[in-house]
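Take a look at the structure below.
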Amino acid sequence: MNIEEQVAIIMQGTEYGDEDVKKSMAKELLERMKEAEAEKRPLRVYCGYDPTSTDLHLGHTITMRKLRQFQEFGHDVVFLIGNYTSLVGDPSDKDKLRPMLTPEQVMENARTYSEQAFRILDREKTQVLYNAEWLSKIDFAELIHLASNFTVQQFINRDNFKKRWENGDPVYLHETFYAIMQAYDAHHLQADVQIGGSDQLFNIITAGRKLMTALGGKPNIGVIVGILPGTDGVVRMSKSLGNHIPINSDAKDMFGKVMSVPDMAMLDYARLATRWVPDEVAEFANELESGALHPRDAKMKLGLEIVEIFYGADEAQKAKTAFINVFQKGNMPEKMDEYVVKPGQVLLDILEESGLVKSRGEGRRMVDQNAVKLDGEVLSDAMEELPHLGVLQVGKRRFVRVVE
RNA sequence: GGGCAGGUACCCAAGCGGCCAAAGGGGACUGACUGUAAAUCAGUUGUCAGACGACUUCGGGGGUUCGAAUCCCUCCCUGCCCA
């Protein structure tokens with residue numbers, strides 16, 4: 001594959017919010033790749049991840065996929081864990097202050113991060129680093145020097161700060177350190193390329209490039225990818241919003257979650273969360289547009305691909321079959337938790353103790369709403385014992401097999 | 001340091017002595033319809049209690065009152081203006 005083709009693959013799904021920036025980054029990337037080839041050195045590519053929670057989700061995998069692509073093209077990849085930056089909390093993707101985490105929380109979260117990441121990245125070719133290693137050593141004099149490269153105006157003009165400013169919400173001084181810290185990471189790593197979501201535009205392009213230049217190096221090239229919407233199809237995927245697809249979910253669950261994504265978000269998923277090359281994505285879009293592919297089947301194709309990335313073709317196929325079986329045909333899932341009834345327990349007790357509902361109040365409500373079924377038959381009295389053993393179901397997707 | 005405006009359930013936001021478990025919206029959940037999509041319609045959304053009712057909740061603590069989210073004191077937190 002020639003370098004032009006490589007660049008095309010890398011640039012798929014990128015979003016700079018400005019065509020000129022995109023063009024110039026693509027051009028710079030091309031030049032840098034050629035330069036590296038001439039010098040027979042690999043590029044140094046990195047992406048930082050703040051361990052703000054224990055689960056990585058599909059949204060995180062977009063940048064990982066980019067890292068992976070670079071690995072496949074023979075470049076060096078740093079998987080940077082922002083254990084120091086997350087002490088501040090990146091204000092970029094929120095219109096609110098992010099809670100500061102304690103070092104203990106951060107390390108706890110970081111522990112499983114890289115392991116999950118290797119589902120996508122090539123372990124052999126990945127260097128895992130923690131930015132506390134260098135950031136914790138910066139003293140105040142250095143910070144002053146770093147900060148003197150930026151103006152307050154640059155920061156308050158950022159959308160997220162501006163919005164809060166206008167709403168009368170607090171913007172804390174320490175939040176402005178985040179961009180400086182990230183920029184310093186890029187400098188310290190002598191990165192050729194930095195990958196990030198479009199919320200990272202300021203941190204990577206504005207702050208990073210400026211600081212790297214100011215400190216006498218070459219600026220990194222930003223590969224800015226689009227933001228994957230969550231299962232609600234609108235807002236960015238995030239665990240705290242509850243619209244995420246964890247990469248630790250099992251194959252069936254993952255498939256189901258992809259199916260629950262609204263149609264309008266399908267193309268985003270195709271572009272960002274699959275391994276498809278630009279031509280394949282274009283074909284998918286065409287089939288969808290022309291109606292050659294039923295939206296439901298399109299989404300299944302998407303689900304199949306995404307699950308396959310993490311679990312392989314067999315498991316993906318099984319997940320799809322199970323999905324069709326349970327949800328399309330309305331059958332029971334093959335595997336479910338079991339609950340052992342105790343003598344004298346009425347329906348409400350069982351619902352609560354088996355964890356099908358969160359409180360007895362909710363249990364009553366579910367029964368009132370005809371949401372509780374035993375082997376497909378609606379149960380309407382919460383205070384009766386079960387007429388027989390069987391599969392107890394609440395709503396569409398909560399099942400427990402009641403046994404003795 | 002001074003003045004002013006605020007802190008209400010998952011989020012936004014009304015309420016400003018009893019009729020407040022607290023309007024409205026969002027979100028979430030359930031049902032109908034479907035492609036476990038979206039949209040739409042109907043309902044639910046503190047805990048316990050088979051319906052009566054009880055209990056906990058309106059930044060923290062203390063007080064006034066028969067009775068407080070609502071009044072008073074105090075502390076903490078935020079924004080704006082002034083210094």
Side-chain angles (χ1 to χ4, degrees), chain A residues 94-100 156 161-175 229-245 249 252-270 287-288 291 293-304 306-307 319-333 336 344-353 355-373 376-385 392-399:
Chain A
K94 302 244 164 132
D95 45 16
K96 272 192 183 172
L97 173 71
R98 193 129 144 197
M100 290 190 268
I156 60 183
F161 285 153
K162 199 182 212 166
K163 208 158 125 199
R164 282 202 260 161
W165 191 294
E166 282 163 2
N167 284 343
D169 291 329
V171 176
Y172 290 89
L173 194 57
H174 75 265
E175 295 181 74
T231 48
D232 58 299
V234 183
V235 190
R236 65 173 288 132
M237 185 174 289
S238 118
K239 189 185 183 186
S240 56
L241 293 173
N243 64 357
H244 67 311
I245 304 180
S249 24
K252 280 180 203 158
D253 207 35
M254 189 180 274
F255 191 90
K257 286 210 164 79
V258 174
M259 290 307 289
S260 77
V261 170
D263 291 3
M264 56 186 257
M266 277 200 277
L267 272 182
D268 286 326
Y269 274 68
E287 285 181 333
L288 205 55
L293 196 58
H294 187 287
R296 179 199 52 224
D297 298 330
K299 213 180 288 173
M300 286 204 182
K301 195 169 161 186
L302 210 50
L304 206 57
I306 290 172
V307 174
K320 180 181 168 181
T321 311
F323 177 85
I324 291 174
N325 194 30
V326 175
F327 295 106
Q328 217 164 314
K329 297 187 183 157
N331 298 333
M332 301 288 169
M336 63 184 91
Q345 281 194 315
V346 295
L347 175 58
L348 191 57
D349 301 325
I350 298 170
L351 288 175
E352 194 205 4
E353 282 201 32
L356 282 171
V357 296
K358 286 197 279 295
S359 67
R360 309 192 111 230
E362 187 190 342
R364 279 177 223 277
R365 270 178 247 131
M366 289 303 146
V367 173
D368 283 346
Q369 290 175 154
N370 289 334
V372 178
K373 290 181 201 145
E377 300 235 341
V378 174
L379 298 177
S380 54
D381 192 342
M383 302 316 287
E384 294 260 308
E385 293 185 25
L392 196 58
Q393 175 180 2
V394 175
K396 282 178 190 139
R397 50 182 99 173
R398 280 177 270 174
F399 298 90

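All values below come from the heavy atoms of this structure, side chains included, with hydrogens, waters and symmetry mates left out. Just so we're on the same page: letters track the sequence lines, and every chain starts at 1.
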With the side chain counted from C-beta on, respond yes when A:M366 and A:L356 share a heavy-atom pair under 4.5 Å apart, and no when they do not.
no
Smallest heavy-atom separation, A:G376 atom then A:M332 atom, equals N-CE, 4.1 Å
N/O-N/O pairs, protein side and nucleotides 49-56 of chain B side, under 3.5 Å:
| unit_1 | atom_1 | unit_2 | atom_2 | d |
| --- | --- | --- | --- | --- |
| B:rA49 | OP1 | A:R360 | NH1 | 2.8 |
| B:rA49 | OP2 | A:R360 | NH1 | 3.2 |
| B:rA49 | OP2 | A:R364 | NH2 | 2.9 |
| B:rG50 | OP2 | A:R364 | NH2 | 3.2 |

Can you check the distance between B:rC76 and B:rC10, where both ends of the measurement are the C1' atom (answer in whole Å)?
24 Å
Expressed in whole Å, how much space separates the C1' atoms belonging to B:rA23 and B:rA37?
33 Å
State, with a plain yes or no, whether a side-chain heavy atom of A:V346 is found less than 4.5 Å away from one of A:E384.
no
Partner nucleotide, any strand, of B:rG43 [Watson-Crick/G-U, under 3.5 Å]:
B:rC29
Check nucleotides 42-44 of chain B against the protein and report each pair of N or O atoms closer than 3.5 Å, with its distance, or say if there are none.
| unit_1 | atom_1 | unit_2 | atom_2 | d |
| --- | --- | --- | --- | --- |
| B:rG43 | N2 | A:Q369 | OE1 | 3.2 |
| B:rU44 | O4' | A:Q369 | OE1 | 3.0 |

Name the pairs: protein N/O against N/O of nucleotides 77-79 of chain B, kept only if under 3.5 Å.
| unit_1 | atom_1 | unit_2 | atom_2 | d |
| --- | --- | --- | --- | --- |
| B:rG79 | O4' | A:G168 | O | 3.3 |

Distance between the P atoms of B:rG59 and B:rA49, in whole angstroms?
29 Å
Using purine N1 to pyrimidine N3 plus N6-O4 or O6-N4 for Watson-Crick, or N1-O2 and O6-N3 for G-U wobble, both under 3.5 Å, which nucleotide pairs with B:rA49?
none
Partner of A:V372 under side chain to side chain contact (heavy atoms under 4.5 Å, CB included), chosen from A:D381, A:I350, A:V378, A:L347
A:L347
Please report the distance separating the C1' of B:rC73 from the corresponding atom of B:rG79, rounded so that it comes out in whole Å.
24 Å
State whether A:S359 places a side-chain N or O below 4.0 Å from either non-bridging phosphate oxygen (OP1 or OP2) of B:rG46.
no
So for atom CD, which belongs to A:E353, do other residues, nucleotides or ligands contribute more than 12 heavy atoms lying within a distance under 6.0 Å?
yes
Measuring only between side-chain heavy atoms, which start at C-beta, is A:F161 closer than 4.5 Å to A:E175?
yes
Considering only the P atoms, how many Å lie between B:rA9 and B:rA14, rounded to the nearest integer?
13 Å
Interatomic distance where CD belongs to A:E362 and C1' belongs to B:rG46 [whole Å]
12 Å
Minimum-distance nucleotide (side-chain atoms of A:E352 versus B:rG35, B:rC33, B:rC48)
B:rC48
Distance between P atoms of B:rA22 and B:rU57 (Å, rounded):
16 Å
Pair partner, B:rU64 [Watson-Crick or wobble, under 3.5 Å]
none
Look through every strand shown and name the nucleotide pairing with B:rU56 as Watson-Crick or G-U wobble, where both distances are under 3.5 Å.
none
May I ask you to decide whether A:K257 forms a salt bridge with A:D253, counting only side-chain N to carboxylate O separations under 4.0 Å?
yes
C1' spacing across the pair B:rA13 / B:rG18, given as an integer number of angstrom:
24 Å
Heavy-atom donor-acceptor pair, A:K299 side chain to A:V261 backbone, under 3.5 Å:
yes
Mind checking whether A:I245 and A:T231 have side chains closer than 4.5 Å, heavy atoms only?
yes
Using the P atom as the point on both nucleotides, what is the distance between B:rC4 and B:rC72, in whole Å?
14 Å
For B:rC80, which nucleotide is its Watson-Crick or G-U wobble mate, given both distances must be under 3.5 Å?
B:rG3
Output yes when a side-chain donor or acceptor of A:N243 lies under 3.5 Å from a complementary backbone atom of A:R236, and no otherwise.
yes
Side-chain contact check for A:M366: nearest option of B:rG35, B:rC29, B:rU34 is B:rC29
